[in-house]
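None of the values given here were measured: they were computed from a predicted structure.
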Amino acid sequence: MKNTTLYLLGIIITIVVGTYFYFSCCSYCGTAITQKEEPKEQVAPAPVAPKITSYPFALGDGDFAYSTEDNFNFNTSSSNYLEPVSENVRKGILPGLKNHLTSNENKVFNITGYYTSDEENNSAFPNLGLARANSVKNYFVSQEIPSSQINTRGKLVDDMVPDENIYRGPVGYSIEEASADAEDQLKALYDKITGDPLILYFDTAEASINPSAAQRQKIADITHYLDKVENAKCQVVGYTDSQGSRKTNMRLGQERADFAKAYLMQNGIADEKIKTDSKGPKDPIASNATDEGRAKNRRTVITIK
């Protein structure tokens, strides 16, 4: 009887232990398999558009200060500011800036135009930034700010981001003391321009201009000198080769001079600052007996006086 009891007790213990291990191990394994998830497909985040660059119109010097979120705007690859100019910008020029510069003749107003290396420069200036600064300068001059107190510069800013096709305010401003050796600098610039005048060459019977980098720098130098020296003039003289009649060549030389003048005016030099003349086939700089020589004689010489 005792053995039977022990036998039955052993069976019961075996059942209990087996049941425990079933629920502790096998059921756990079943649950783990049931809860296993398939890996989710990784979705790349949507690209974030770069923030549009916008520079405010801001000026400060001593007791004069003015700022507004508006500024001059430009199409990409363009040197001409978009019109109309904001009323908020005009408010900062007249009478504030004008009065400040009139009262401080020893101060100069710096305009720095920004540009990117991706833009195409179709202006007459060495870079698009300087061309933009010159365009804005002309507006300030039209608002009675003397050009003699304005400096223009260009600056490469490759991190500018356009608003579709428009750069918002790619122009910076500052006011500083005029250079102590400004007169010496102008004298050196005069000698540079007159010693090596700008010469533009033309195809036979054509009047077209495609300046090189060196020629664009000369145009910038001439523009700067004319801005700083009140009575200075830009002299444009057209020449031809010896082919054709003298009357025809005199007319063609004048047309080339007038064409060069229009080109300079489009790039910011005032009409009254430019004088034109034609010398036709006179004063050749090379022999008219060869194609190469005649090509050198078909020219327009631009200098200052």
message = Between N80 and S78, does the side-chain hydrogen bond (donor to acceptor under 3.5 Å, both in side chains) criterion hold? Intermediate values first, please.
response = CA-CA 6 Å; N80 298 315; S78 173; 4.6 Å; no
Is it true that the side chains of [X] and [Y] contain a donor and an acceptor less than 3.5 Å apart?
X    : Y    : result
D181 : S179 : yes
Y173 : N71  : yes
Q235 : K275 : no
N151 : N110 : yes
N134 : T152 : no
D158 : S117 : yes
S54  : E69  : no

Is it true that, when you exclude [X] itself, more than 12 heavy atoms of the residues, nucleotides or ligands shown sit nearer than 6.0 Å to its [atom1]?
X    : atom1 : value
K273 : NZ    : yes
E183 : CD    : no
K155 : NZ    : no
E105 : CD    : no
R90  : CZ    : yes
E177 : CD    : yes

request  = Start with the C-alpha gap between N88 and D70, add the side-chain angles, then the distance that decides, and say whether side-chain hydrogen bond (donor to acceptor under 3.5 Å, both in side chains) holds.
outcome  = CA-CA 7 Å; N88 290 329; D70 295 334; 2.8 Å; yes
[X] side chain near [Y] side chain, heavy-atom distance below 4.5 Å:
X    : Y    : result
I150 : V141 : yes
Y167 : M160 : yes
R298 : R294 : yes
H100 : D63  : yes
K218 : I193 : no

Can you name the nearest heavy-atom pair linking [X] to [Y], along with the distance?
X    : Y    : answer
T300 : G238 : OG1-CA, 4.0 Å
A295 : Y201 : O-CD2, 3.6 Å
P162 : I52  : O-CG1, 3.9 Å
V171 : Y55  : O-CB, 4.5 Å
I285 : K296 : CD1-O, 3.5 Å
D241 : N249 : O-ND2, 3.4 Å

key: Validation row, ring centre F72 to ring centre Y139 under 6.0 Å   =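 Yes, the ring of F72 comes within the 6.0 Å limit of the ring of Y139, centre to centre.
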inquiry  = For F125, does the six-membered ring have the charged nitrogen or CZ of R216 within the cation-pi criterion, i.e. under 6.0 angstrom from the centroid and within 45° of the normal?
reply    =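 Output no; distance or angle outside limits.
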task = Could you tell me whether R132 sits above the aromatic face of F74, with NZ or CZ closer than 6.0 angstrom to the six-membered ring centre and within 45 degrees of the axis?
result =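 So R132 does make the cation-pi contact.
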request  = Take T248 and S245, measure what side-chain hydrogen bond (donor to acceptor under 3.5 Å, both in side chains) needs, and give me the verdict at the end.
outcome  = CA-CA 5 Å; T248 298; S245 69; 2.8 Å; yes
key: Step-by-step side-chain hydrogen bond (donor to acceptor under 3.5 Å, both in side chains) determination, D118 to T116   = CA-CA 5 Å; D118 292 334; T116 69; 5.0 Å; no
message = Could you measure the distance from the CD atom of Q217 to the OG atom of S212? Nearest 0.5 Å is fine.
response =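 Answer rounded to 0.5 Å: 10.5 Å.
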ask   = Can you hop from L130 to V136 via hydrophobic side chains spaced under 4.5 Å?
value =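 Different clusters.
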